[in-house]
Student: 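After the structure tokens below, expect a handful of questions from me.
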Number of protein chains: 2
Amino acid sequence: MEDPGNGGHAALVQLQAYLAQMDHAGETRLPAERELSESLGVSRGDLRKALAVLEKDGRIWRHVGRGTFVGSGPVEETIGISEIAGRTNPADVMRARLIIEPEIAREAALHATLSDIASMRQSLVQTREAVTWRQYENIDNLLHRQIAQASRNNVLLGLFDVLNAVRRTVVWGRLRSEGARPPADHHSFGDHERIVEAIAERDLGGAAAAMRLHLQQVERRLIPVREAAE
Amino acid sequence: MEDPGNGGHAALVQLQAYLAQMDHAGETRLPAERELSESLGVSRGDLRKALAVLEKDGRIWRHVGRGTFVGSGPVEETIGISEIAGRTNPADVMRARLIIEPEIAREAALHATLSDIASMRQSLVQTREAVTWRQYENIDNLLHRQIAQASRNNVLLGLFDVLNAVRRTVVWGRLRSEGARPPADHHSFGDHERIVEAIAERDLGGAAAAMRLHLQQVERRLIPVREAAE
DNA sequence: AATTTAACCAATTCGCATATGATTTCCCTT
DNA sequence: AAGGGAAATCATATGCGAATTGGTTAAATT
């Protein structure tokens, strides 16, 4: 019916024109294939061929149930926590913390407000007052997050949250077995205080170094054996 | 009705017993408050008091519409890209790249395999052969990701992917306006080569420094005005 | 007077209807 | 008989309303 013999080339031309017009209007999603084929006066088969060409060229992006979009596709939302945690191990998580968190601490030393520092110091006190291991862990988590928040950079804070969620996923089931032991060891207290102190004094390198040292201590404690021999 | 005067202590005891039994069974979610209060034979008010105690102690986790869970809460899957991108700006994204990516490059210099380096060098060549800006961007993205992959740490790679997705979300619509201009400038080519070279030579500090320099160049180009005066 | 009970609110999940791109089948034209 | 288009079908994703659930407030009961 539709001027056969052109091999669908007319459809491609019309589609490109439509796309340019739409691109100019700022729209990113184009109508459904059924509507568009009728609107452009071409068969759906030809339209799909033209769409396939544009997709292979990277100009559009299609997905079942969602629609067809211009550009490099709808942002890939599917980098979820479990996706990362599923193909890694505690050692890599610890290594990543050792790489990322000192730099975050350095940035915190540069941008922390007085309110941030006050909150951290309050957490320091609460850390010492914890009577349960779980309580201690919660406050420890909070303190580390407060440091990330003190960077005053929501991207860094978001990355920290992702890293933290991955960590809690990967090592899940390891801490639970230790039960309700109180935190009798005092090594982390000093570490935390040194970090906060360096941030308060705007000592960028000192904050990074203190955080690195602290995480190395934590890493050492994660190694199962040898603790007695030390 | 329920033996008044105990101040809800009986509810706490019963709840702890119930929690222990459930914990042993491996379940993580406990029934709704209305059911549980009837099941345990205590008023909802007393049950909520007991739940509040356990929550403050960190043993359970409650959330409206979801339910009550044992442990440190259901793994927070909802740190999605849009959640981060929604409350930030291009400057913070650039700053985060400037902080994170050099450290990733340093790690890559330490762990990259020969295969990794070969892939990167191939991307270098392809970068120079790109005839479209979109093509160039794609290969540039690929190269940066290859560097993250060369760290041989899936957590770092995942964090890079998140950061990259946030970047593409935040700056979306800015690059599109420049249309189909071919990449006539050559400054990034040298940057990229220096980074890959440093990684190949296992020069940790050099790789980080080269990456930092490269990103600073990119940041400079993102500033809208002043480009002609340079 | 105090606590239980019920009612209501806000946030979340669940199920079903709808929308969409992919695929197959059928039918008409030539 | 063959080719191509139109319709039917499938698999996946979204939207919306009902039901669920923790949090809060008011009424009722003892």
Side-chain angles (χ1 to χ4, degrees), chain A residues 1-12 14-15 18-19 22 27-56 59-71 73-78 80, chain B residues 1-12 14-15 18-19 22 27-71 73-83:
Chain A
M1 184 199 286
E2 305 289 350
D3 196 351
N6 55 18
H9 185 63
L12 181 60
Q14 288 203 50
L15 222 192
Y18 188 95
L19 226 137
M22 200 185 63
E27 278 299 316
T28 64
R29 172 177 179 172
L30 43 82
E33 290 183 356
R34 291 163 179 81
E35 299 177 17
L36 192 55
S37 69
E38 188 174 8
S39 172
L40 295 183
V42 301
S43 75
R44 193 150 97 104
D46 285 353
L47 175 64
R48 283 185 57 76
K49 287 177 188 172
L51 286 171
V53 171
L54 293 182
E55 182 183 25
K56 193 172 62 183
R59 303 207 22 175
I60 64 174
W61 192 272
R62 295 190 281 181
H63 214 313
V64 181
R66 300 182 63 177
T68 304
F69 305 84
V70 303
V75 179
E76 198 169 355
E77 292 268 6
T78 55
Chain B
M1 183 201 287
E2 304 290 348
D3 196 351
N6 53 18
H9 185 63
L12 182 60
Q14 288 203 50
L15 223 192
Y18 188 95
L19 225 137
M22 199 186 62
E27 278 300 315
T28 64
R29 171 177 180 171
L30 45 83
E33 291 183 355
R34 292 163 179 81
E35 300 178 18
L36 191 55
S37 68
E38 188 174 10
S39 172
L40 295 185
V42 301
S43 74
R44 192 151 95 103
D46 284 353
L47 174 62
R48 283 184 57 75
K49 287 177 187 171
L51 286 171
V53 172
L54 293 181
E55 183 184 25
K56 194 173 60 183
D57 203 39
R59 302 205 25 176
I60 64 175
W61 190 273
R62 295 190 282 181
H63 214 312
V64 181
R66 298 184 66 176
T68 303
F69 305 84
V70 304
V75 179
E76 201 166 356
E77 292 265 6
T78 56
I79 311 187
I81 308 302
S82 57
E83 190 144 346

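All values reported here derive from a predicted model rather than from experimental measurement. Letters A, B, ... are given to chains in the order of the sequence lines, protein chains preceding strands, and every chain is numbered from 1.
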Student: Taking only residues two or more places apart in sequence, or in another chain, which ones meet Arg44(B) in a salt bridge (Lys or Arg N to Asp or Glu O under 4.0 Å)?
Tutor: Glu33(B)
Student: With sequence neighbours left out, what residues match Arg29(A) under side-chain contact (heavy atoms from CB on, under 4.5 Å)?
Tutor: Phe69(A)
Student: Please report the interatomic distance CE(Met22(B)) to OG1(Thr28(B)), rounded to the nearest 0.5 Å.
Tutor: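 Answer rounded to 0.5 Å: 7.0 Å.
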Student: First locate atom CG of Leu51(A), then atom CG of Leu30(A), and finally report the distance between them rounded to the nearest 0.5 Å.
Tutor: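 Those atoms lie 7.0 Å apart.
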Student: Rounded to the nearest Å, what distance is computed from the NZ atom of residue Lys49(A) to the P atom of nucleotide dA6(D)?
Tutor: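 That distance rounds to 13 Å.
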Student: Assign a letter to each nucleotide of nucleotides 18-25 of chain D from its 5' end: B, base within under 4.0 Å of a protein heavy atom; S, sugar-phosphate only; -, no contact.
Tutor: ---BBBB-
Student: Working to the nearest 0.5 angstrom, can you tell me the gap between Arg48(A) CZ and Asp46(A) CG?
Tutor: 12.0 Å
Student: List in chain and number order the residues that pass side-chain contact (heavy atoms from CB on, under 4.5 Å) with Gln14(A), two or more places apart in sequence or in another chain; answer none if no residue qualifies.
Tutor: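 With sequence neighbours excluded, Gln14(A) shows a side-chain contact (heavy atoms from CB on, under 4.5 Å) to Leu40(A), Val42(A), given in chain and number order.
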Student: What are the two closest heavy atoms between Glu27(A) and Val70(A), and how far apart are they?
Tutor: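 Minimum heavy-atom separation between Glu27(A) and Val70(A): O-CG2, 4.0 Å.
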Student: With each end axis built from five pairs of C1' atoms, what bend angle do you get for the helix from dA1(C)-dT30(D) to dT30(C)-dA1(D)? Round to 10°.
Tutor: 30°
Student: Sequence neighbours excluded, which residues qualify as side-chain contact (heavy atoms from CB on, under 4.5 Å) partners of Glu55(B)?
Tutor: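 Scan of Glu55(B) (side-chain contact (heavy atoms from CB on, under 4.5 Å), adjacent residues dropped) gives Ile60(B), Arg62(B).
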